[in-house]
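First comes the structure, then the notes that go with it.
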Amino acid sequence: MNKKRVFVVGAAGQIGTPLTKNLLKLGHDVKAVVRKRDESNELKLKLYESLGAEVYVEADTSNVELMSEAMKGYDTVIVCTPANEFTVTRMEPALLEAALKAGVKRFVPNEFGVHTRGIKVGDGILFDYKKSLHEKIIKSGIGWTFFYNGLIFDYCLPNLRFFEKITTFGKMELPIFTHSIDDIGHIAALALTDDRTLNKCVQMDYNSLSQNEMIDLLKNFWPDSNFEYTHFSSEYITTMKDKDGDEVTAKVGKETDRERWGINYVIYVLGKLATFNDETLKSSDLYPHMICEKPEEALSSKNFVFENDK
């Protein structure tokens with residue numbers, strides 16, 4: 001492993017937390033960028049500092065001059081803030097400009113999830129924004145890596161979190177690539193500092209289950225539980241991705257309702273969660289000895305399945 005100097009934007013967030021911890025454990029120099037420092041993240045930031053990180057607090061991450069100055073001397077910029085219209089169309093282009101001014105060698109936008117490169121323009125508004133950003137990144141000449149982990153099963157296996165009922169979507173037989181947040185942080189820390197992944201996409205591919213298989217496992221592990229289910233059809237998802245509004249009714253990611261239905265359309269209707277094209281490296285090929293937590297382990301855990309029961 002070559003030691004890197006890594007600038008992580010959104011270091012205290014959902015993806016940023018396990019990624020930053022693993023970068024530090026691997027021995028990289030890390031500047032952990034957060035919008036604020038207060039009681040909600042103080043313990044986390046102190047942990048980062050105890051592991052050798054520099055914590056950098058800046059609310060205006062779209063300020064090119066400020067960010068460029070802060071990035072000087074760093075090899076890689078990784079953006080972990082939630083991907084929504086503002087992030088993809090305003091903040092990340094500004095961070096890209098700052099990275100170019102600072103002489104950064106690799107830029108990693110927030111692609112943690114669905115493989116945007118395998119999606120056509122028009123399939124989902126959020127991915128249209130991302131594809132436009134990709135063009136800017138590649139045209140700029142900076143090195144890049146796009147990292148795709150599929151779904152985070154801590155939050156959606158099978159959509160047990162934040163729902164009153166177990167919620168399923170679209171085509172139940174489609175394979176779903178899904179990994180734990182800790183494993184995503186570990187593999188991302190390896191891949192985004194790996195010289196082999198420069199100007200490549202990386203797809204996590206250790207775990208694959210359909211929604212039908214998830215439900216069958218759930219019923220097998222908990223035969224005496226009377227789970228309630230609700231399903232959104234492919235037709236409903238297809239309609240909502242074009243007709244829903246720009247309100248933000250879901251907390252995770254803070255994407256608009258229309259953006260969220262576009263994500264559901266790509267995953268559960270088109271089956272484009274993972275793509276294996278010529279520019280994509282499989283994590284299982286890069287790190288064949290890695291042992292990741294299995295979805296079956298989570299679905300057999302009482303704490304995981306019934307955590308939100310009142």
Taking every non-hydrogen atom, the tightest pair across [X] and [Y]:
{"X": "Pro109", "Y": "Phe107", "value": "CD-O, 3.7 Å"}
{"X": "Asn41", "Y": "Lys36", "value": "ND2-O, 2.8 Å"}
{"X": "Ala298", "Y": "Val305", "value": "O-CG2, 4.0 Å"}
{"X": "Tyr206", "Y": "Cys292", "value": "CD1-SG, 3.5 Å"}
{"X": "Val104", "Y": "Asp75", "value": "CG1-O, 3.2 Å"}
{"X": "Leu47", "Y": "Ser50", "value": "O-OG, 2.6 Å"}

Show me the donor-acceptor pairs within less than 3.5 Å that the side chains of residues 218-229 make with the rest of the protein, sequence neighbours left out.
from   : atom 1 : to     : atom 2 : distance (Å)
Trp222 : NE1    : Leu299 : O      : 2.8

Can you name the residues that form a salt bridge (Lys or Arg N to Asp or Glu O under 4.0 Å) with [X], not counting sequence neighbours?
{"X": "Arg5", "result": "Asp29"}
{"X": "Lys21", "result": "none"}
{"X": "Glu296", "result": "none"}

Next on the checklist: Between Lys131 and Asp128 (salt bridge meaning N to carboxylate O under 4.0 Å), is one present in this structure?
Outcome noted: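 The answer is no: the pair does not qualify as a salt bridge.
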For [Y], is there any backbone N or O sitting under 3.5 Å from a side-chain donor or acceptor partner on [X]?
{"X": "Asn277", "Y": "Thr280", "result": "yes"}
{"X": "Ser208", "Y": "Phe177", "result": "no"}
{"X": "His28", "Y": "Lys3", "result": "no"}
{"X": "Thr178", "Y": "Ile176", "result": "no"}
{"X": "Asp123", "Y": "Lys120", "result": "yes"}
{"X": "Lys171", "Y": "Val269", "result": "yes"}
{"X": "Ser300", "Y": "Glu297", "result": "yes"}
{"X": "Asn199", "Y": "Trp144", "result": "yes"}

Checklist entry - Taking only residues two or more places apart in sequence, or in another chain, which ones meet Tyr268 in a ring pair (Phe, Tyr, Trp, His ring centres under 6.0 Å)? => result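 Tyr268 satisfies ring pair (Phe, Tyr, Trp, His ring centres under 6.0 Å) with Phe169 only.
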Next on the checklist: Test of understanding: with ring pair (Phe, Tyr, Trp, His ring centres under 6.0 Å), list the residues that count as partners of Tyr236, not counting sequence neighbours.
Outcome noted: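 Phe232, Trp261.
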When hydrophobic residues are tied together by side-chain contacts of less than 4.5 Å, even through go-betweens, does [X] share a cluster with [Y]?
{"X": "Val77", "Y": "Val64", "answer": "no"}
{"X": "Met204", "Y": "Met290", "answer": "yes"}
{"X": "Leu174", "Y": "Met172", "answer": "no"}
{"X": "Phe86", "Y": "Met67", "answer": "yes"}
{"X": "Leu198", "Y": "Tyr74", "answer": "no"}

Does some side-chain heavy atom of [Y] sit less than 4.5 Å from a side-chain heavy atom of [X]?
{"X": "Leu95", "Y": "Val9", "value": "yes"}
{"X": "Leu281", "Y": "Gln203", "value": "no"}
{"X": "Cys80", "Y": "Leu19", "value": "yes"}
{"X": "Ile15", "Y": "Ile152", "value": "yes"}
{"X": "Ile267", "Y": "Leu151", "value": "yes"}
{"X": "Leu209", "Y": "Phe153", "value": "no"}

Checklist entry - Hey, mind stepping through Val108 and Val79 against side-chain contact (heavy atoms from CB on, under 4.5 Å) and telling me if it holds? => result CA-CA 6 Å; Val108 181; Val79 184; over 6 Å; no
Checklist entry - Can you list every pair that meets salt bridge (charged side-chain N to carboxylate O under 4.0 Å, His left out) and has a residue in residues 185-209, with sequence neighbours left out? => result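 Passing the test, one end in residues 185-209: Lys4-Asp195, Asp194-Arg196.
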Checklist entry - Judged by modelled atom types alone, do Asn207 and Lys294 share a side-chain donor-acceptor pair under 3.5 Å? => result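 There is such a pair (donor and acceptor under 3.5 Å, judged by atom type) between the side chains of Asn207 and Lys294.
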Of all pairs that satisfy side-chain hydrogen bond (donor to acceptor under 3.5 Å, both in side chains), the ones with a partner from [range], not counting sequence neighbours:
{"range": "residues 134-143", "result": "Glu111-His134, Arg117-His134"}
{"range": "residues 92-110", "result": "Arg106-Thr145, Arg106-Thr197"}
{"range": "residues 55-69", "result": "Glu69-Lys72"}

Hey, what do you get for [atom1] ([X]) to [atom2] ([Y]), rounding to the nearest 0.5 Å?
{"X": "Leu96", "Y": "Met91", "atom1": "CG", "atom2": "CE", "answer": "12.0 Å"}
{"X": "Lys130", "Y": "Thr116", "atom1": "NZ", "atom2": "OG1", "answer": "4.5 Å"}
{"X": "Leu273", "Y": "Ile263", "atom1": "CG", "atom2": "CD1", "answer": "11.0 Å"}
{"X": "Asp278", "Y": "Cys201", "atom1": "CG", "atom2": "SG", "answer": "11.0 Å"}
{"X": "Leu126", "Y": "Tyr265", "atom1": "CG", "atom2": "OH", "answer": "15.5 Å"}
{"X": "Ile166", "Y": "Met214", "atom1": "CD1", "atom2": "CE", "answer": "11.5 Å"}

Next on the checklist: Could you walk me through whether Asp38 and Ser40 satisfy the side chain to side chain donor-acceptor pair (under 3.5 Å) test, starting with their C-alpha distance in whole Å, then the side-chain angles of each, then the deciding distance to 0.1 Å, before giving a yes or no?
Outcome noted: CA-CA 5 Å; Asp38 58 21; Ser40 68; 2.4 Å; yes
Checklist entry - When you look at Asn2 and Thr193, which way does the side-chain contact (heavy atoms from CB on, under 4.5 Å) test go after all the steps? => result CA-CA 8 Å; Asn2 293 323; Thr193 55; over 6 Å; no
Item to check | Residue pairs involving residues 110-129 (criterion ring pair (Phe, Tyr, Trp, His ring centres under 6.0 Å); sequence neighbours excluded) | outcome: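 Listed by first then second residue: Phe112-Phe147, His115-Tyr148.
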Item to check | Derivation of the side-chain contact (heavy atoms from CB on, under 4.5 Å) call for Tyr48 and Leu24 | outcome: CA-CA 8 Å; Tyr48 293 168; Leu24 291 165; 4.2 Å; yes
Donor-acceptor contacts, no H, no angles, side chain residues 181-192, under 3.5 Å, sequence neighbours left out:
from   : atom 1 : to     : atom 2 : distance (Å)
Asp183 : OD2    : Ser180 : OG     : 3.2
Asp183 : OD2    : Glu293 : N      : 2.7

Next on the checklist: Under 6.0 Å from the ring centre and within 45 degrees of the ring axis: does the NZ or CZ of Lys31 meet both conditions for the six-membered ring of Phe7?
Outcome noted: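 So Lys31 doesn't make the cation-pi contact.
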